[in-house]
Visitor: 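So that we are looking at the same thing, I have put the structure below in structure tokens.
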Amino acid sequence: MNAPQATPTLPDAQTVIEVQHYTDRLFSFKVTRPRTLRFRSGEFVMIGLLKEDGKPLLRAYSIASPAWDDELEFYSIKVQDGPLTSKLQHIKKGDQIILRPKPVGTLVHDALLPGKRIWLFATGTGIAPFASILREPQTYEDYEQIILTHTCREKNELAYGENLIQEIQNGGLMSELVGEDSLKKLIYYPTTTRDPSNQMGRITDLLKSGKLLKDLGIEGISEQTDRAMVCGSLGLNTDLKKILEGFGLKEGANSEPAHYVVEKAFVG
Ligand code: A2P
């Protein structure tokens, strides 16, 4: 006699609360937070959907919401033939996704030594972990100056970051959490590489030419004062690492905090 077949149930299911589309390549969504999930702002988890064969298809996604939030936010690219995002882009309020509640990652305050200024260098969806870090009160307690650079190909791809900065700086909950004066520490520096905008160019070029520092009125980057977090494509991460090392900064980790940390943004 055959053993009875178990009805497939979605393991670690969370419910979609909200979906927002920005362009035909970018969207964000919020899901319920498991009551047992503890994470540090900047970390990532595995999320995904069930495949037709009933097996989960999971990818690493940075949590874009801060550690204190009741909901979990994610920011994603849509790749039309991407195994996960070709389907994930169609989720709606009330749908379920899989979320493995095992947060990890190096874009966390614990992996950096104390400093005066923190640089958050993002390209594309690499802004997601910094959306968490920028809504984390500790960021404003630990640093005198916080600089977010976000580089995208096109101007409309900056929308998620623009909304984020507006939400943080426009009086609401963040000013109650950290105080309005502390929010003045935050500087936003968006750039585009293929669309005309106020600030054009790859952040690596703008750093090497000295334009970024000149625009911000900063004399230099040094291991005494500056800390950095980098999140983008493999190429960006490699190139920026070289530049930061050239300024004398050393890469840190959870086990050995130092001056900068790097993580690859999810693609595909
Ligand atoms: P570019 O348009 O010059 O390639 P992508 O969508 O390919 O992930 O790129 C996101 C942004 O990151 C684009 O503006 C892109 O510029 C930029 N970028 C890609 N690779 C690098 C790199 N190695 N160094 C600096 N910026 C990069």
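From a predicted model like this one, the values you see are computed outputs, not experimental measurements.
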Visitor: List the steps and the verdict of side chain to side chain contact (heavy atoms under 4.5 Å, CB included) for Val45 and Glu43.
Guide: CA-CA 7 Å; Val45 285; Glu43 287 188 312; over 6 Å; no

Visitor: For Arg135, what residues pass the salt bridge (charged side-chain N to carboxylate O under 4.0 Å, His left out) criterion, not counting sequence neighbours?
Guide: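 For Arg135, the residues satisfying salt bridge (charged side-chain N to carboxylate O under 4.0 Å, His left out) (neighbours in sequence not counted) are Glu73, Glu167.
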
Visitor: Using the test side chain to side chain donor-acceptor pair (under 3.5 Å), find all partners of His90 that sit at least two apart in sequence or belong to another chain.
Guide: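 In terms of side chain to side chain donor-acceptor pair (under 3.5 Å), with neighbours along the sequence ignored, His90 is linked to no residue.
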
Visitor: So if you build clusters from Ile, Leu, Val, Met, Phe, Trp, Tyr with side-chain heavy-atom gaps below 4.5 Å, do Val230 and Leu148 land together?
Guide: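 Different clusters: Val230 never reaches Leu148 through Ile, Leu, Val, Met, Phe, Trp or Tyr contacts under 4.5 Å.
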
Visitor: As a quick check of understanding, evaluate side chain to side chain contact (heavy atoms under 4.5 Å, CB included) for Leu240 and Leu207, giving each step before the final call.
Guide: CA-CA 9 Å; Leu240 211 44; Leu207 252 176; 3.6 Å; yes

Visitor: Step by step, work out the side chain to side chain donor-acceptor pair (under 3.5 Å) result for Gln20 and Ser28.
Guide: CA-CA 5 Å; Gln20 195 172 346; Ser28 70; 4.6 Å; no

Visitor: Nearest 0.5 Å, please: how far is CD1 in Ile77 from CD in Glu157?
Guide: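 Atom-to-atom, Glu157:CD and Ile77:CD1 are 7.5 Å apart.
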
Visitor: With sequence neighbours left out, which residue pairs that include part of residues 105-141 fulfil the ring-ring contact (aromatic ring centres under 6.0 Å, His included) condition?
Guide: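 Found Trp119-Phe121.
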
Visitor: Please name the pair of heavy atoms, one in Thr192 and one in Ser197, separated by the smallest distance, quoted to 0.1 Å.
Guide: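 Shortest heavy-atom separation between Thr192 and Ser197 comes out as OG1-OG, 2.7 Å.
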
Visitor: Does anything in residues 178-200 form a salt bridge (charged side-chain N to carboxylate O under 4.0 Å, His left out)? List the pairs, not counting sequence neighbours.
Guide: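 The answer is Asp181-Lys184.
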
Visitor: Would you sort out whether Phe29 and Ile91 count as a side chain to side chain contact (heavy atoms under 4.5 Å, CB included), showing the intermediate values?
Guide: CA-CA 9 Å; Phe29 55 97; Ile91 54 167; 3.7 Å; yes

Visitor: Atom NZ in Lys30, atom CG in Asp69: separation rounded to 0.5 Å?
Guide: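 CG of Asp69 is found 7.0 Å from NZ of Lys30.
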
Visitor: Any side-chain hydrogen bond (donor to acceptor under 3.5 Å, both in side chains) pairs touching residues 168-178, not counting sequence neighbours?
Guide: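 Found none.
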
Visitor: What's the separation between atom OG in Ser132 and atom CH2 in Trp68, rounded to the nearest 0.5 Å?
Guide: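 These two atoms lie 10.0 Å from each other.
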
Visitor: Any donor and acceptor pair, going by atom type alone, linking the side chain of Ser65 with main-chain N or O of Glu71 inside 3.5 Å?
Guide: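 Confirmed, Ser65 side chain pairs with Glu71 backbone.
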
Visitor: Could you name each residue pair satisfying salt bridge (charged side-chain N to carboxylate O under 4.0 Å, His left out) that touches residues 222-237, not counting sequence neighbours?
Guide: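 Passing the test, one end in residues 222-237: Arg117-Asp226.
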
Visitor: List for me each residue that meets side chain to side chain contact (heavy atoms under 4.5 Å, CB included) alongside Ile187, sequence neighbours excluded, and say none if there are none.
Guide: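 Expected list: Gln145, Ile147, Leu216.
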
Visitor: Just wondering, do Asn254 and Val104 contact through their side chains at under 4.5 Å, heavy atoms?
Guide: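 Side chain of Val104 against side chain of Asn254, heavy atoms only: no contact under 4.5 Å found.
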
Visitor: Is it true that Tyr260 and Leu213 fall in one hydrophobic cluster, defined by side-chain heavy atoms closer than 4.5 Å?
Guide: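 Result: yes, single cluster for both.
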
Visitor: Do Pro34 and Leu72 touch side chain to side chain, with heavy atoms closer than 4.5 Å?
Guide: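 Counting from C-beta outward, Pro34 and Leu72 do come under 4.5 Å.
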
Visitor: Taking atom CG of Leu183 and atom CE of Met174, what is their separation to the nearest 0.5 Å?
Guide: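 Separation between the atoms: 5.5 Å.
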
Visitor: Say you draw a straight line from NZ of Lys93 to CD of Glu18; how long is it, rounded to the nearest 0.5 Å?
Guide: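 Atom-to-atom, Lys93:NZ and Glu18:CD are 8.5 Å apart.
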
Visitor: Return all side-chain donor-acceptor pairs below 3.5 angstrom for residues 198-206, not counting sequence neighbours, or 'none' if the list is empty.
Guide:
unit_1: Gln199; atom_1: OE1; unit_2: Lys211; atom_2: NZ; d: 3.4
unit_1: Gln199; atom_1: NE2; unit_2: Tyr189; atom_2: OH; d: 3.3
unit_1: Gln199; atom_1: NE2; unit_2: Asp215; atom_2: OD2; d: 3.2

Visitor: Check whether any side-chain heavy atom of Leu112 lies under 4.5 Å from a side-chain heavy atom of Pro257, and answer yes or no.
Guide: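 Sidechains of Pro257 and Leu112: no contact.
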
Visitor: Indicate the atoms forming the closest heavy-atom contact of Gly161 with Ile127, along with that distance.
Guide: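 Shortest heavy-atom separation between Gly161 and Ile127 comes out as CA-CD1, 3.6 Å.
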
Visitor: Parallel, tilted or perpendicular for Tyr75 and Tyr160, by the 30°/60° rule?
Guide: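 Geometry flag for Tyr160 against Tyr75: parallel rings.
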
Visitor: Quick one: does Thr106's side chain get under 4.5 Å of Val262's, heavy atoms only?
Guide: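 No, every pair of side-chain atoms sits at 4.5 Å or beyond.
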
Visitor: Can you run down the salt bridge (charged side-chain N to carboxylate O under 4.0 Å, His left out) pairs that involve residues 136-154, sequence neighbours left out, and say none if there aren't any?
Guide: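 The answer is none; no pair qualifies.
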
Visitor: Are any side-chain N or O atoms of Ser41 and backbone N or O atoms of Ala67, one a donor and one an acceptor, separated by less than 3.5 Å?
Guide: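 Indeed, once roles are kept as given, a pair shorter than 3.5 Å links the two residues.
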
Visitor: Between Phe44 and Ile63, is there a side-chain heavy-atom distance shorter than 4.5 Å?
Guide: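 Not touching, per the 4.5 Å side-chain cut-off.
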
Visitor: Is the shortest distance from a Lys or Arg side-chain nitrogen in Asp70 or Arg33 to a carboxylate oxygen in the other one below 4.0 Å?
Guide: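 Arg33 and Asp70: not salt-bridged.
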
Visitor: Any idea which heavy atoms bring Gly48 and Leu58 closest together, and the distance?
Guide: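 Result for this residue pair: N-CD2, 3.6 Å.
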
Visitor: How about Phe74 and Leu88: do any of their side-chain heavy atoms sit closer than 4.5 Å?
Guide: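 Counting from C-beta outward, Phe74 and Leu88 never come under 4.5 Å.
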
Visitor: Does some side-chain heavy atom of Lys55 sit less than 4.5 Å from a side-chain heavy atom of Leu57?
Guide: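 Counting from C-beta outward, Leu57 and Lys55 never come under 4.5 Å.
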
Visitor: Can you list every salt bridge (charged side-chain N to carboxylate O under 4.0 Å, His left out) pair that touches residues 234-249, not counting sequence neighbours?
Guide: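 Listed once each, the pairs are Lys241-Glu251.
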
Visitor: Which residue pairs satisfy the ring-ring contact (aromatic ring centres under 6.0 Å, His included) criterion with at least one member in residues 218-242, sequence neighbours excluded?
Guide: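 As it turns out, there is no ring-ring contact (aromatic ring centres under 6.0 Å, His included) pair with a partner in residues 218-242 once direct neighbours are skipped.
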
Visitor: Do Leu84 and Phe27 sit in the same hydrophobic cluster, where Ile, Leu, Val, Met, Phe, Trp and Tyr count as joined when their side-chain heavy atoms come under 4.5 Å apart?
Guide: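 Result: yes, single cluster for both.
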
Visitor: Within the structure provided, determine whether Ile165 and Leu134 are in side-chain contact (heavy-atom separation under 4.5 Å).
Guide: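 Yes, side chains in contact.
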
Visitor: Indicate yes or no for a side-chain donor-acceptor contact from Thr139 to the backbone of Ile133 under 3.5 Å, with no hydrogens or angles considered.
Guide: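 Confirmed, Thr139 side chain pairs with Ile133 backbone.
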
Visitor: My understanding is that only residues two or more places apart in sequence, or in another chain, count here; which of them pass salt bridge (charged side-chain N to carboxylate O under 4.0 Å, His left out) with Lys92?
Guide: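 By the salt bridge (charged side-chain N to carboxylate O under 4.0 Å, His left out) rule, Lys92 matches Asp95.
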
Visitor: Can any side-chain N or O of His259 pair as donor or acceptor with the backbone N or O of Lys250 at less than 3.5 Å?
Guide: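 Between the backbone of Lys250 and the side chain of His259 there is a qualifying donor-acceptor contact (under 3.5 Å).
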
Visitor: Can you find a side-chain donor-acceptor pair between Thr191 and Thr151 that sits under 3.5 Å?
Guide: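 The answer is yes; a qualifying pair exists.
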
Visitor: Is it the case that the side chain of Asn237 and the backbone of Gly232 share a donor-acceptor pair, with hydrogens and angles ignored and the cut-off at 3.5 Å?
Guide: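 Judged by distance alone, yes, a pair lies under 3.5 Å.
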
Visitor: Specify the closest pair of heavy atoms between Pro56 and Arg100, including all atoms of both residues, with the distance to one decimal.
Guide: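 Taking every non-hydrogen atom into account, CG-NH2, 3.6 Å.
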
Visitor: Would you name the heavy atoms of Leu26 and Lys78 that are closest together and state the gap between them?
Guide: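 Closest approach of Leu26 to Lys78: O-CE, 3.6 Å.
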
Visitor: Could you tell me whether the side chain of Ser233 and the main chain of Ala265 form a donor-acceptor pair under 3.5 Å?
Guide: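 Absent.
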
Visitor: Find out if a path of hydrophobic residues (ILVMFWY) with successive side-chain heavy-atom gaps under 4.5 Å connects Leu173 to Leu186.
Guide: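 Yes: a chain of side-chain contacts under 4.5 Å links Leu173 to Leu186.
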
Visitor: How many angstroms lie between CD1 in Ile118 and OH in Tyr143, if you round to the nearest 0.5 Å?
Guide: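 Between atom CD1 of Ile118 and atom OH of Tyr143 there are 4.0 Å.
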
Visitor: Which pair of non-hydrogen atoms, one from Ser76 and one from Thr125, has the smallest distance, and what is that distance?
Guide: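 Closest heavy-atom pair between Ser76 and Thr125: C-CG2, 3.9 Å.
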
Visitor: If Ile, Leu, Val, Met, Phe, Trp and Tyr residues are connected whenever their side-chain heavy atoms lie under 4.5 Å apart, and connections chain through other members, are Val261 and Leu244 in the same group?
Guide: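 They do not share one cluster, since no chain of ILVMFWY contacts under 4.5 Å joins Val261 to Leu244.
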
